[in-house]
Amino acid sequence: MVDLISSEIVKPGVALLTLQRPERRNALSIALMKQTMERMQEYASQADRSRGVRVVILRGAGPVFCAGLDL
């Protein structure tokens, strides 16, 4: 399975999620939405358990954040 989203902790308590489909202008596919939700749930449970990640920033790779839904 290809990672359609990358994640990193940029400083304590702050995670950066980047949509990784610049060739499709980061249009949301079912797989991309699923991976995004899984990562966000992971960070939410970390915050709930240990006060780890408190802020998640979502951005898109390339010049466009997200072109909408990939039909």
Side-chain angles (χ1 to χ4, degrees):
M1 182 179 202
V2 176
D3 270 342
L4 300 174
I5 189 165
S6 64
S7 62
E8 63 180 298
I9 304 299
V10 291
K11 60 182 177 178
V14 180
L16 181 63
L17 298 180
T18 306
L19 305 177
Q20 294 291 339
R21 291 185 74 207
E23 72 285 353
R24 302 288 296 175
R25 303 178 73 77
N26 297 310
L28 297 174
S29 64
I30 291 172
L32 178 58
M33 288 187 286
K34 182 178 182 214
Q35 285 184 23
T36 302
M37 291 308 298
E38 287 170 354
R39 297 279 172 89
M40 292 180 87
Q41 287 173 341
E42 178 184 314
Y43 287 131
S45 65
Q46 282 179 13
D48 189 42
R49 283 192 316 267
S50 65
R51 302 219 180 258
V53 172
R54 307 293 289 170
V55 175
V56 177
I57 300 169
L58 183 61
R59 69 179 185 170
V64 176
F65 166 65
C66 180
L69 190 59
D70 189 356
L71 301 173

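Residue indices begin at 1 and follow the sequence shown. Heavy atoms only: backbone and side chains are in, while hydrogens, waters and symmetry mates are out.
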| Nearest heavy-atom neighbours spanning A61 and P22 | O-CB, 3.7 Å
| Nearest atoms (heavy-atom pairs only) where F65 meets L19 | O-CD1, 3.7 Å
| said: I'd like to check V2 versus Q20 (side-chain heavy atoms, cut-off strictly below 4.5 Å). Are they in contact? | reply: no
| query | Would you find a donor on one side and an acceptor on the other, under 3.5 Å apart, between the side chain of N26 and the backbone of R21? | reply | yes
| task | Mind checking the CG-OG1 spacing from L58 to T36? Nearest 0.5 Å is all I need. | result | 6.5 Å
| If every non-hydrogen atom of T18 is compared with every non-hydrogen atom of G60, which pair is closest and at what distance? | CG2-C, 4.0 Å
| query | Quick one: does R39's side chain have a donor or acceptor within less than 3.5 Å of a partner on L17's backbone? | reply | no
| request: Determine whether M33 and Q35 make a side-chain contact, defined as any pair of heavy atoms from C-beta on separated by less than 4.5 Å. | output: no
| query | Should we count CD1 of I30 as having more than 12 external heavy atoms under 6.0 Å? | reply | no
| Matching residue for L16 among I9, I57, V56 - test: side chain to side chain contact (heavy atoms under 4.5 Å, CB included) | I57
| request: Return the set of residues passing side chain to side chain donor-acceptor pair (under 3.5 Å) with S29 (not counting sequence neighbours), or none when no residue passes. | output: none
| task | Of all the heavy-atom pairs spanning L4 and L32, show the shortest one and how long it is. | result | O-CD1, 3.3 Å
